[in-house]
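What follows is one structure encoded as structure tokens, with my remarks underneath.
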Amino acid sequence: MRTYDPPGVPMTRHFPGVILLTLAAGTVSSWAAAPAGPQPSPLPAEHLTIATVGPKSPHWVYVVDYAYANEIDSRVYLFDGDTYRRIGQIDTGFIPGVNLSPDGKTTAVATTYFARGGHGTRTDVVEFNDNNTLAKTGEIVIPPKHAQTLAMLFTVAYSSDGKFVYTPYLTPAASFGVLDPARKKVLSEIDTAGCTLVFPWGPNRVSSICESGRLLTVTLDAQGKEASRTSSEPFFNPDQDPVFAQAVPLPDGYAYVSFLGQVHEIDFTQPKLVMRTPWSLVSATEKGTWRPGGVQIGAVHRSLGKLFVPMHRGGDGSHKAGGTEIWVFDLKSHQRTARWPIDTKELGSVIAVQVSQDAAPLLFAATETANVLVLDAQTGKMQHVEKKLGQTPQLLLNP
Amino acid sequence: MRTYDPPGVPMTRHFPGVILLTLAAGTVSSWAAAPAGPQPSPLPAEHLTIATVGPKSPHWVYVVDYAYANEIDSRVYLFDGDTYRRIGQIDTGFIPGVNLSPDGKTTAVATTYFARGGHGTRTDVVEFNDNNTLAKTGEIVIPPKHAQTLAMLFTVAYSSDGKFVYTPYLTPAASFGVLDPARKKVLSEIDTAGCTLVFPWGPNRVSSICESGRLLTVTLDAQGKEASRTSSEPFFNPDQDPVFAQAVPLPDGYAYVSFLGQVHEIDFTQPKLVMRTPWSLVSATEKGTWRPGGVQIGAVHRSLGKLFVPMHRGGDGSHKAGGTEIWVFDLKSHQRTARWPIDTKELGSVIAVQVSQDAAPLLFAATETANVLVLDAQTGKMQHVEKKLGQTPQLLLNP
Amino acid sequence: MKPDRIFEKAARSLAKRTSRRSLLASLGQLLTGAALLPLLPIDRTARAQSPSSPVAKPTADEQNCEYWKYCAIDGFLCACCGGTSTSCPPGTQSSPITWIGTCHNPGDGRDYIVSYNDCCGKVSCGDCFCDRNEGEKPMYRLSRNNDVNWCMANTESNYHCSVSVILGVAQK
Amino acid sequence: MKPDRIFEKAARSLAKRTSRRSLLASLGQLLTGAALLPLLPIDRTARAQSPSSPVAKPTADEQNCEYWKYCAIDGFLCACCGGTSTSCPPGTQSSPITWIGTCHNPGDGRDYIVSYNDCCGKVSCGDCFCDRNEGEKPMYRLSRNNDVNWCMANTESNYHCSVSVILGVAQK
């Protein structure tokens, strides 16, 4: 509006509304100073302020609401698991990728906008938001082919030193972009031979998952260009027992969980990926009946070495069904240490889990009916139910 | 995407997904021709089509969903009051004005878009949609100051001959734009001295409503510039009994209904506006208790001369409360001819009404809980409840 | 509807020394550009945006649509969106223009003039929708109207939520 | 999960005469530009968009998520949005690329190969959300994945709703 020069309408004429306001402001301020009436003395005039985010708490959670029925209007709610209040909001556009910088100071949003709301020229961007002010601080325009898919941590991601940002592309040709968040520019686009998504490791390695059951790993040079690529041995069979693409981050790599509950832990810390011996979430008798499912299908507490998985009774094709229970596993012994049933009639089944990384951890669980549950991650005790936190919350991130 | 040249990634490599599709297509088509298996013979291959709107029915209604919780994603549903199905959708952006051309062939949408979904550079446009295809056919970019306010028929409007489109502006300075929908250009902007909204009449007259209780009427020349303006006598007192700004169209003008139920009918057909003697929706004993309320607070069946108003028991400040009953009035005798109670516990109170203009008219009523009711407009018999037609449907337009 | 003596008084005093038209014109001048802001209740936001701004700790009252200060509000309560009844959520901007209401405080039996401001620049908060209309007037009386998007004049003019700020006591 | 013999067979026959890489390359060539479309199930849309297109009269089945043809759909049923199970709503465009499913028709005991297409160019329909995943695979097997926005390659790439089109019988 500031840049538009209205044809022949001087802006100085006729503001009945604002004129009254002006009088009000003038007159009221004098009254506020005037002697008080009968006791108790009148309430003082209040001052409008802008709230600040305040000191970060490990019990905060970023809740990504994909708003399926209004998909151009997805957003992130920053929610406090102790006070059960919203701290603020970050707008995230259309089928976004959302991730935090390694230092937690920035939220990166890879998303799509249209020139006319839901139609018109498509512009894809990675937007950067300051987590201390929840204000947008900048953006990088990327090729208009951001991979628009299921909520997960791998549709935008940072390198471990925060110097690169990776964004998967799909046209349907698969590739990914390497961005420089400091200089706000696109450094390169790297073809992934049909492998997809970005699983980052270290300062300069990006893996993508392939239909062959392998991981393709690209190593970047200092300019963000491809230096080399290697392909792992196959570690799963997409026909017999596919793994969820939404891997679970481990202290030293990622765990790829299969539809039937096999856990494929992969050590990313070595020059070549090291596939550990797979282990199972389910017993021989449970196998095929009890299954992991949902969207964000696992979360790990790193120092406690615990894995949390929403589980349900299902069959072929039930891999997106939410959990009727949350199962807890010890990552060393691979033993199940607890199973916590959820009142799914009342709350809905659990489609996403996240756990805070502190010593008194909270388990956050989003349900298919848009409730966000807050549980004690050590006892499973339900602390709070935040009803209807948005429309379709499906991804939970730690601060 | 078509205009973007990806750096160094030939588009011809590695489409595992699409390759399989290609095989599928090839292989399947041969099967479709193959000899049938055991009886009954197999279902034939189907063909994907694009549905057409079909012949217009007077029982269609355009339902504007303002989507308050996702306000950048408002839309119009074209709904059939006979088959109770959606015919299609028109996207309408952020706090839009929506209206149909006099010939019913076009839906004009005056709205706001942002360069980045909900933020970034603001662009206001009037978009034109072909009601026969529900495709956008063009737009006019207007000054970024479209009046963003309550759902009503007066935030974008056509002249009676369809040659002008009027859009109210608010910055908060009040004015309106005159547009040429044929040549897709802005013709002029006309200051309204603090009076607001556009009540069109004839080929070249626009009235706006003023805080003084008057109507300001601007007459346009052939170029859409101001030729003359006149101000009416005051016909209501905004302090004692304000009228709803959302007037009810009459065959020969508009009816402005007051918070207390006074009906101010104004004849627009004469050189000067003729204020008829006001009449009341309520008896002396009902006055101040039973009140009109909601958003679209009245609808008229022109040939039957009936006025439909959602009424509730309320007091000062209840003017936006939905109706617990729909009252029907004869426009000639000013007599109430029926009162139809609504099961508000089950359906919600009525915030918007519209009536079809045919000889077997339907009354459409939108409720505060997003249901759209279909009633026989002659008997009040409930024909259908369309549950949750969008998020916040508040304006109903005849085809 | 509660009496707006504040406006009657102001109007009377002004009527003595100026015609409406010249009044409009002269005020109009003041209402443009930076000169506008100091005249409006909302010049306080300038201070507000300083580092001394608070972390929001909304009370249960402030998250309740029935709270007396909300008598003419229409929108999402900022106290449910990361703010309070008097603070916009982080990362939003307050509207420099506003509508007002006159609300009765049962706590002290007084009527207060309340300024409602929209908080702007993010998409709809979507929580704690509250629509109350005591003394609310249609769009032709803009200063009392809660239907328009009061973020209209902001650089980022999207509507996020609404606050309610006490300006002072309305004279009995 | 139902067997995808169609792919096994195709893969076997192709394996005899070509390496995977050269296969990918050669098919890749065909998959670019206009040459791509005739190969895809969706060349039918070209005909479909002719004036002879139908007015949608969806059956109750087609508006029901349990309908057998929807065994691997994920999204809003176009039959609730102005279309049918095989037609996009007026004013939308069908996606030229698509995912497929293998669904069992209890009516004749046969398994059918079904093409799911997204209808594009309008914002979310929002009605009749249906998420079924028989034989659905993660994104690394794109042709069986219903999570991605299959409007991605359309000029207007917004997602509105999804349809389900029978391609033929899956061989027993």
Side-chain angles (χ1 to χ4, degrees), chain A residues 67-73 94-95 112 114 117-122 144-152 154-155 168-174 193-197 208-214 238-246 256 259 293 295 315-321 368 391-392, chain D residues 1-4 7-8 20-21 24 28 31-32 36 71-72 74-76 91-93 95-99 101-103 118 120-129 131-160:
Chain A
Y68 279 175
N70 301 88
E71 212 167 4
I72 62 171
D73 192 32
F94 179 71
I95 320 182
T112 295
F114 300 97
H119 56 274
T121 304
R122 169 181 174 174
K145 49 189 188 180
H146 178 248
Q148 299 165 335
T149 186
L150 196 65
M152 64 178 88
F154 311 105
T155 50
Y169 300 144
L170 191 71
T171 68
C195 307
T196 187
L197 299 170
S208 298
I209 189 166
C210 314
E211 186 176 21
S212 60
R214 303 165 194 263
D239 292 318
Q240 284 156 27
D241 187 18
V243 297
F244 291 91
Q246 51 272 37
Y256 293 84
F259 287 10
V295 179
D316 290 337
S318 74
H319 49 282
K320 290 181 193 165
E368 59 183 345
Q391 199 182 98
T392 48
Chain D
M1 200 194 68
K2 300 210 169 54
D4 305 344
F7 294 146
E8 295 171 11
R20 175 169 171 74
R21 174 157 288 280
L24 292 173
L31 286 165
T32 58
L36 167 59
C71 77
D74 180 1
F76 304 108
T92 65
Q93 306 88 37
S95 63
I97 52 175
T98 166
W99 78 103
T102 307
C103 299
D118 287 342
C120 313
K122 291 181 184 286
V123 292
S124 328
C125 158
D127 204 1
C128 296
F129 180 72
D131 185 8
R132 291 175 58 189
N133 298 283
E134 292 177 28
E136 197 267 350
K137 293 295 177 79
M139 197 174 157
Y140 48 76
R141 179 166 282 177
L142 201 56
S143 68
R144 286 277 172 167
N145 179 259
N146 65 17
D147 296 320
V148 303
N149 174 18
W150 281 101
C151 295
M152 72 180 95
N154 283 60
T155 306
E156 288 287 349
S157 62
N158 207 326
Y159 169 77
H160 183 61

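Hydrogens, waters and symmetry mates are skipped; everything else that's a heavy atom, side chains included, is used.
Leu170(A) CG to Trp150(D) CH2: the interatomic distance, rounded to the nearest 0.5 Å, is 7.0 Å. Atom CZ in Arg141(D) sits 10.5 Å away from atom OG in Ser212(A) (nearest 0.5 Å). Of the inter-residue distances, the one linking Phe259(A) atom CZ with Asn133(D) atom CG reads 8.0 Å to the nearest 0.5 angstrom.
Listed for the Tyr140(D) side chain is a donor-acceptor partner under 3.5 Å among the backbone atoms of Val243(A).
In this structure, chain A has heavy atoms under 4.5 Å from both the backbone and the side chain of Tyr159(D). For a residue to count as touching a neighbouring chain, one of its non-hydrogen atoms must lie under 4.5 Å from one of that chain's; by this rule His119(A) touches chain D with backbone and side chain alike. Only the side chain of Phe94(A) comes within contact range of chain D, judged by heavy atoms closer than 4.5 Å.
Inter-residue side-chain proximity for Arg122(A) and Asn158(D) is flagged as unmet; no heavy-atom pair is nearer than 4.5 Å. The shortest distance between side-chain heavy atoms of Asp147(D) and Lys320(A) falls below 4.5 Å. Side-chain contact between Thr112(A) and Met152(D) is absent, with no heavy-atom pair separated by less than 4.5 Å. Looking at heavy atoms from C-beta onward, Leu150(A) lies out of side-chain contact with Met139(D) at the 4.5 angstrom threshold.
Of the residues considered (Glu71(A), His146(A), Gln246(A)), Glu71(A) shows the highest number of contacts with chain D, using heavy-atom pairs under 4.5 Å. Per-residue heavy-atom pair counts under 4.5 Å with chain A were compared for Asp74(D), Val123(D), Val148(D), and the maximum is reached by Val148(D). Contact tally against chain A (heavy-atom pairs below 4.5 Å) for Cys151(D), Cys120(D), Ser124(D): the top residue is Ser124(D).
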